Amino acid sequence: MSLQRILTGDPGRTSLIYLGIGAISLAKAIALRDDSERFRRELADAALFIGVGLVLRRYSTMKAQKREELREAVPAWVLGGEKGDPVGGVRELAMRRFGAEPEPEREPSIAERARRMMAD
């Protein structure tokens, strides 16, 4: 699995998966402690998975902190007032300024209609 693919998505959730696999591998290593070669291999796998899980967990917390810092640095009027409604703010200001009509709701495609029918 490539590093870019690991870091996209939700790294917090991915870290839990890696930590879980590492814990299972560690339990397997303990169960195989009589066979020294397999024990070392499983222990190395467990260490690798747990290490990647911990790194992803740290990356997830850093990403959340940076996102919060950026959110605090952006003025409230850009986000859409005090509530932070992203639909308002700059987009609504530009629409009022240029006198544009709000975009009409588009009709759902056949695929979207089929998905809704299957979901119900």
Side-chain angles (χ1 to χ4, degrees):
M1 182 179 275
S2 70
L3 182 63
Q4 181 181 10
R5 191 165 175 206
I6 289 173
L7 296 178
T8 57
D10 184 14
R13 183 172 160 220
T14 307
S15 72
L16 290 176
I17 293 170
Y18 276 90
L19 288 172
I21 293 170
I24 291 170
S25 189
L26 186 61
K28 189 176 173 186
I30 292 170
L32 297 172
R33 65 181 173 264
D34 295 333
D35 186 2
S36 63
E37 187 173 324
R38 286 183 66 189
F39 174 73
R40 274 190 234 123
R41 219 176 328 147
E42 287 298 326
L43 202 57
D45 287 347
L48 179 68
F49 278 108
I50 290 172
V52 169
L54 292 174
V55 167
L56 283 173
R57 171 68 65 185
R58 178 143 178 152
Y59 174 73
S60 174
T61 56
M62 282 182 13
K63 188 176 175 181
Q65 288 173 348
K66 291 295 181 184
R67 183 175 289 134
E68 190 61 35
E69 287 174 11
L70 287 173
R71 200 171 278 144
E72 290 174 0
V74 174
W77 65 270
V78 172
L79 294 176
E82 295 175 17
K83 295 181 286 184
D85 184 17
V87 175
V90 175
R91 182 177 176 187
E92 215 168 274
L93 181 67
M95 288 174 68
R96 273 188 271 140
R97 173 95 172 163
F98 297 114
E101 293 292 320
E103 294 179 11
E105 291 285 328
R106 66 175 183 83
E107 291 186 33
S109 68
I110 294 173
E112 290 171 343
R113 283 188 246 158
R115 280 189 208 116
R116 284 187 198 150
M117 287 177 56
M118 295 301 286
D120 292 336

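Counting from 1, the numbers follow the sequence of the chain as shown. None of the values given here were measured: they were computed from a predicted structure.
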Problem - Spacing of M62 atom CE and Q65 atom CD [to the nearest 0.5 Å] - result: 8.0 Å
Problem - Shared hydrophobic cluster for F49 and I17 (ILVMFWY, side-chain gaps under 4.5 Å) - result: yes
Practice task
Any chance you could measure R41, atom CZ, to D35, atom CG, to the nearest 0.5 Å?
Solution key: 7.5 Å
Exercise for the section: Ignoring hydrogens and angles, tell me if any N or O in the side chain of R113 forms a donor-acceptor pair with the backbone of P108 under 3.5 Å. Expected result: yes
Exercise for the section: Indicate yes or no for a side-chain donor-acceptor contact from R40 to the backbone of E37 under 3.5 Å, with no hydrogens or angles considered. Expected result: no
Problem - CD1 on I21 to CG on L48, rounded to 0.5 Å - result: 10.5 Å
Problem - Whether S25 side chain and G22 backbone form a donor-acceptor pair below 3.5 Å - result: no
Problem - Side chain S60, main chain L56, donor-acceptor under 3.5 Å - result: no
Fill in the blank from the handout: Here the gap from T61 atom OG1 to K66 atom NZ, rounded to the nearest 0.5 Å, amounts to 11.5 Å
Practice task
Heavy atoms only: give me the nearest S15-G53 pair and the separation to one decimal.
Solution key: CB-O, 3.2 Å
Problem - Shortest non-hydrogen contact from L32 toward F39 - result: O-CB, 3.6 Å
Problem - CG-CG distance between L19 and L26, expressed to the nearest 0.5 angstrom - result: 11.5 Å
